[in-house]
Amino acid sequence: MALVPMKELIVKAQKEHYAVGAFNCNNMEIVQAIVAAAEAENAPVIIQASQGAIKYAGIDYIAALTRIAANSVKIPVALHLDHGTSFEQCIQCIGNGFTSVMIDGSKLPLEGNIALTKRVIEIARILEVSVEGELGKIGGTEDDISVSEKEAFFTDPLDAERFCKETEVDALAIAIGTAHGQYKGIPKLDFDRLKEIVKRVSTPIVLHGSSGVPDDAIREAVSLGVAKVNIDTNIREAFTDAARKVVTDNPKEIDPRKMLGPAREAAIEVIRQKIRVFGSNGKA
Ligand code: G3H
Ligand code: 13P
Ligand code: ZN
């Protein structure tokens with residue numbers, strides 16, 4: 001079916017206490033893997049493109065690949081811009097058929113973040129495109145911006161309340177102890193803070209940096225109100241490990257399909273497993 005706005009997927013998830021997986025793509029094989037996994041689990045799904053993915057593949061390629069993938073299945077698929085850096089980039093993605101954009105104003109002071117998010121929402125609403133905002137800093141490498149563990153700070157529930165009230169954003173990304181990329185130890189999530197945010201905010205909550213977070217912690221976050229869970233690193237690990245194994249086992253292999261085929265299969269497996277942890281299986 002045609003790409004759908006993200007909002008309808010996460011509002012249903014919030015009501016029914018599960019989360020929709022938002023999986024990062026960089027190329028055709030990963031787009032295919034995301035859709036194949038979601039179809040196998042009969043799950044709604046969000047395909048998202050980071051700044052790195054846009055630089056690597058191009059907005060138009062990602063939009064075209066995703067449109068074809070969505071049209072080939074019956075489950076609902078949304079296409080989302082991950083960590084959008086500017087008003088202009090959000091508009092460019094909307095123009096290319098994205099059904100959802102994230103405007104990441106988390107580096108701005110609260111007022112500036114609110115103003116920028118509202119500006120994007122004003123246009124997005126007209127075209128029924130969903131908008132995700134971010135409050136607080138998620139640790140690790142956030143696209144081009146490196147946020148050291150020290151500087152990373154968690155979302156203030158009062159700020160979250162004000163941000164959601166003034167912007168009427170469709171989804172709110174929060175910082176409660178997760179980080180992008182691989183973790184050095186086991187991440188510890190601030191569930192009390194999440195509870196406090198959920199008490200004050202009815203907007204569906206997004207958990208970034210979810211690769212490497214133990215399944216039980218993800219389940220707990222979902223039970224407390226997280227409705228969208230972002231996964232990139234775990235897909236990269238599975239994809240690259242499988243491709244690497246082919247090359248290691250057979251150093252003379254020259255056919256890229258022999259590497260990318262198993263990589264795609266490995267990505268499908270990890271995405272299916274995540275979908276089951278999020279509880280979105282059977283919810284399409
Ligand atoms: O937002 C987090 C992404 O995992 C960053 O990925 O290297 O494709 O920009 P990227
Ligand atoms: P991970 O790479 O840690 O899964 O984070 C993904 C993410 O939050 C994308 O926005
Ligand atoms: Zn993120």
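Each ligand, and each atom within it, is numbered from 1 in the order the structure gives. The shown structure was predicted, so the numbers you read here are calculated from the model rather than taken from an experiment.
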H83, N/O/S atom nearest the Zn ion (ligand 3): NE2

Find all atoms of ligand 1 within a distance of less than 4.0 Å from any non-hydrogen atom belonging to D82, and give their numbers and elements. 1 (O)

What atoms of ligand 2 come closer than 4.0 angstrom to any heavy atom of N24? 9 (C)

Angular separation of H180 NE2 and H208 ND1 about the Zn ion (ligand 3), given to 10°: 130°

Counting heavy atoms not belonging to F191, are there more than 12 under 6.0 Å from its CZ? yes

Do you know which two heavy atoms are closest between D170 and I10, and how far apart they sit? O-CD1, 3.7 Å

Indicate the atoms forming the closest heavy-atom contact of S210 with N230, along with that distance. CB-O, 3.1 Å

Paired with S106, the side chain to side chain contact (heavy atoms under 4.5 Å, CB included) test is passed by just one of D104, L110, L108, namely D104

Using a 4.0 Å cut-off to any heavy atom of D82, which atoms of ligand 2 qualify? 9 (C), 10 (O)

Look at the rings of F23 and F278 and say which category their plane angle falls in: under 30° parallel, 30 to 60° tilted, over 60° perpendicular. parallel

Yes or no: does S50 have any heavy atom under 4.0 Å from an atom of ligand 2? no

Neighbour count above 12 (heavy atom, 6.0 Å) for Q182 CD: no

Only one of T167, I121, I103 clears side chain to side chain contact (heavy atoms under 4.5 Å, CB included) with L116; which? I103

In ligand 2, which numbered atoms sit nearer than 4.0 Å to a non-hydrogen atom of H208? 8 (O), 10 (O)

At a 4.0 Å threshold, what atoms of ligand 2 neighbour a non-hydrogen atom of A179? 3 (O)

Heavy-atom distances under 4.0 Å are what count here, so tell me which part of T233 touches ligand 1: side chain, backbone, both or neither. neither

Does only the side chain of A53 get under 4.0 Å from ligand 1, or the backbone, or both, or neither? Count heavy atoms. backbone

Would a distance-only check, ignoring hydrogens and angles, find a side-chain to backbone donor-acceptor pair under 3.5 Å from N250 to V246? no

Using a 4.0 Å cutoff against the non-hydrogen atoms of G181, which atoms of ligand 2 qualify? 2 (O), 3 (O)

Which ligand 2 atoms, with their elements, are less than 4.0 angstrom from a heavy-atom of T233? 1 (P), 2 (O), 3 (O), 4 (O)

Counting neighbours of CD on E16 that are heavy atoms of other residues, nucleotides or ligands and sit closer than 6.0 Å, is the number greater than 12? yes

Decide whether an N or O pair under 3.5 Å exists between N234 and ligand 2. no

For ligand 2, which atoms sit closer than 4.0 Å to a heavy atom of H83? 10 (O)

Among all the protein's non-hydrogen atoms, which is closest to atom 4 (O) of ligand 2, and how far away is it? S211 OG, 2.5 Å

What's the shortest distance from atom 7 (C) of ligand 2 to any protein heavy atom, and which residue and atom give it? H180 CD2, 3.3 Å

Using the six-membered ring of F154, assess whether NZ or CZ of R193 lies under 6.0 Å from its centre and within 45 degrees of the ring axis. no

Just by modelled atom types, is the K283 backbone N or O under 3.5 Å from a matching donor or acceptor in the S280 side chain? no

For atom 10 (P) of ligand 1, which candidate among H180, H83, K55, R236 provides the closest heavy atom? R236

Is it true that, when you exclude E253 itself, more than 12 heavy atoms of the residues, nucleotides or ligands shown sit nearer than 6.0 Å to its CD? yes

Going by the atom numbers of ligand 1, which of them fall below 4.0 Å from some non-hydrogen atom of D232? 3 (C), 4 (O), 6 (O)

When distances are taken from atom 8 (O) of ligand 2, the protein heavy atom at minimum range is G209 N, 2.8 Å

Below 4.0 angstrom from a heavy atom of I231, which ligand 2 atoms are there? Numbered from 1 as shown, please. 4 (O)

